[in-house]
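Written below as structure tokens is the structure these notes are about.
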Amino acid sequence: MIAVVAKGLTKRYQGQAALDDVSFEIDRGEVVGLLGRNGAGKTTLANILAGLVRADSGSVVVPERIGTIGALPVGMAAQEIGLYSPLTVQQNLRYFAAVYGMRRPSSPTKRIMELAERLEFAGLLDRKVYSLSGGEQRRIHVAAALVHSPAFVLLDEPTAGVDVMTRQAVTSLVGSLADEEGTAFLYSTHYLEEVGTLRARILMLESGRLIADAASDAILARFGSPCIRFKATPALEDVPGLVLRTAEDGWTEVEANEPADAIGRVLAGAQAAGVRITDIRVEDPTLEAALFSKRLGSRGYDSRRHSHA
């Protein structure tokens with residue numbers, strides 16, 4: 001069953017395209033990682049899907065009968081924490097349950113306790129929000145988007161600035177709800193390891209355009225390249241036929257589809273320049289390098305274009 005369908009979403013601000021003809025579908029029980037550089041259009045897309053911003057053109061369809069009876073089928077935890085600090089944690093969650101359409105006061109009690117256990121804030125329910133740490137508030141903020149058991153949930157940077165334990169609690173809950181309840185998630189993040197942990201399909205935005213829609217392993221296979229890393233004394237600044245870059249840790253790197261050929265070029269270049277190579281190694285392609293490769297940015301990749309006829 002499809003949880004959400006977006007077709008041709010376009011949004012401009014002062015003539016600048018924040019989204020440019022973005023289309024995709026998300027199925028029930030699917031976790032989709034929304035990735036892209038700052039300013040790529042991730043938050044604009046999330047706000048349009050949540051109904052907070054109107055697209056200039058295009059459409060969003062969320063089937064009305066896939067949520068809790070009487071409640072909205074969509075939940076959202078925006079990037080900025082949105083809680084009422086003078087209220088207790090439990091008062092906040094009851095309030096958001098009512099906002100989302102759970103009208104009976106007793107309705108959210110079981111759900112609140114379930115989320116409190118799984119996000120590890122059971123001991124905080126009677127605490128005022130202003131007395132909580134940033135990480136604790138982030139967990140409550142995520143719980144507020146889930147309290148009405150929506151079928152489709154938008155999480156915009158849900159683990160920004162939190163500790164490792166909070167990140168693990170959030171990603172574990174997302175994966176569990178997708179598997180157990182069929183909840184669909186659009187999960188915007190800068191932490192690529194979370195995408196791997198969640199085994200998420202990837203939507204990649206670049207300057208408002210959707211340039212990738214595929215599983216992470218498919219993107220790695222198509223656009224990933226092994227990386228040659230080496231140290232040289234003094235630094236080797238140029239090798240014919242290769243593009244060198246200096247990594248933050250001081251190593252010199254070069255992407256190479258043919259590692260053996262690249263290593264030979266590096267060694268020959270070092271000998272010609274009178275430079276001594278002190279260490280050299282081949283590392284497997286990374287998802288980060290594949291996602292931000294020039295080949296992906298120029299060509300795009302959609303492995304699901306014909307998956308929903």
Side-chain angles (χ1 to χ4, degrees), residues 1-67 71-80 82 99-101 145 148 150-158 174 178 182-190 195 198 200-216 218-219 291-292 296-309:
M1 182 184 294
I2 296 174
V4 61
V5 179
K7 292 185 178 181
L9 295 179
T10 298
K11 182 67 178 178
R12 293 182 177 273
Y13 293 106
Q14 298 180 341
Q16 182 70 31
L19 288 181
D20 184 5
D21 194 26
V22 172
S23 299
F24 59 88
E25 298 176 0
I26 300 177
D27 293 332
R28 291 293 308 272
E30 187 173 25
V31 181
V32 176
L34 180 60
L35 307 179
R37 297 180 175 88
N38 290 332
K42 301 188 301 298
T43 297
T44 298
L45 176 58
N47 287 338
I48 289 174
L49 293 174
L52 300 176
V53 171
R54 185 183 297 274
D56 295 335
S57 60
S59 64
V60 175
V61 177
V62 178
E64 294 182 359
R65 297 184 180 180
I66 59 175
L72 293 175
V74 177
M76 182 180 186
Q79 189 171 345
E80 297 297 325
V99 167
Y100 279 120
H148 60 302
F152 175 50
V153 182
L154 297 141
L155 299 180
D156 192 359
E157 301 290 346
V174 168
T183 309
F185 287 90
L186 186 66
Y187 191 102
S188 175
T189 183
H190 285 295
V195 175
L198 291 166
R201 169 179 146 220
I202 291 173
L203 297 181
M204 179 78 173
L205 289 175
E206 180 68 39
S207 300
R209 294 187 306 111
L210 185 61
I211 64 169
D213 181 355
S216 57
I219 290 175
L291 285 168
F292 292 100
L296 175 57
S298 62
R299 295 162 54 192
Y301 182 46
D302 181 359
S303 67
R304 292 169 55 94
R305 185 167 293 152
H306 305 292
S307 62
H308 294 290

Steps toward side chain to side chain contact (heavy atoms under 4.5 Å, CB included) verdict (Leu52, Met76): CA-CA 10 Å; Leu52 300 176; Met76 182 180 186; 3.8 Å; yes
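- Shortest non-hydrogen contact noted between Pro150 and Val74 is CB-C, 3.8 Å.
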- request: I would like to know whether Asp213 and Ile202 meet side chain to side chain contact (heavy atoms under 4.5 Å, CB included); could you show each step before the answer?
  value: CA-CA 6 Å; Asp213 181 355; Ile202 291 173; over 6 Å; no
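- For the atom pair CZ (Phe24) and CG (Leu210), the distance works out to 7.5 Å, reported to the nearest 0.5 Å.
- We find the CD-CZ distance between Glu30 and Phe152 to be 10.5 Å, quoted to the nearest 0.5 Å.
- For Thr183 (side chain) and Ala178 (main-chain N/O), no donor-acceptor pair under 3.5 Å exists by modelled atom type.
- Residues Leu45 and Leu19 come closest through the heavy atom pair CA-CD1, 3.8 Å.
- For the side chain to side chain contact (heavy atoms under 4.5 Å, CB included) test, no residue two or more places apart in sequence or in another chain qualifies with Ser207.
- With hydrogens and angles ignored, the 3.5 Å screen pairs no side-chain donor or acceptor of Arg201 with any backbone N or O of Ala214.
- In this structure, Arg37 contributes its side chain and Ala40 its backbone to no donor-acceptor pair below 3.5 Å.
- Under the side chain to side chain donor-acceptor pair (under 3.5 Å) criterion, Ser188 pairs with Asp156, sequence neighbours left out.
- At least one side-chain heavy atom of Val22 sits under 4.5 Å from a side-chain heavy atom of Leu205.
- When each of Val4, Val195, Asp27, Ile26 is checked for a side-chain contact (heavy atoms from CB on, under 4.5 Å) with Val32, only Ile26 meets the rule.
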message: Test side chain to side chain contact (heavy atoms under 4.5 Å, CB included) on His190 and Lys42; report intermediate values, then the result.
response: CA-CA 11 Å; His190 285 295; Lys42 301 188 301 298; 3.8 Å; yes
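- Lys11 and Asp56 are joined by a salt bridge, as a carboxylate oxygen and a charged side-chain nitrogen come within less than 4.0 angstrom of each other.
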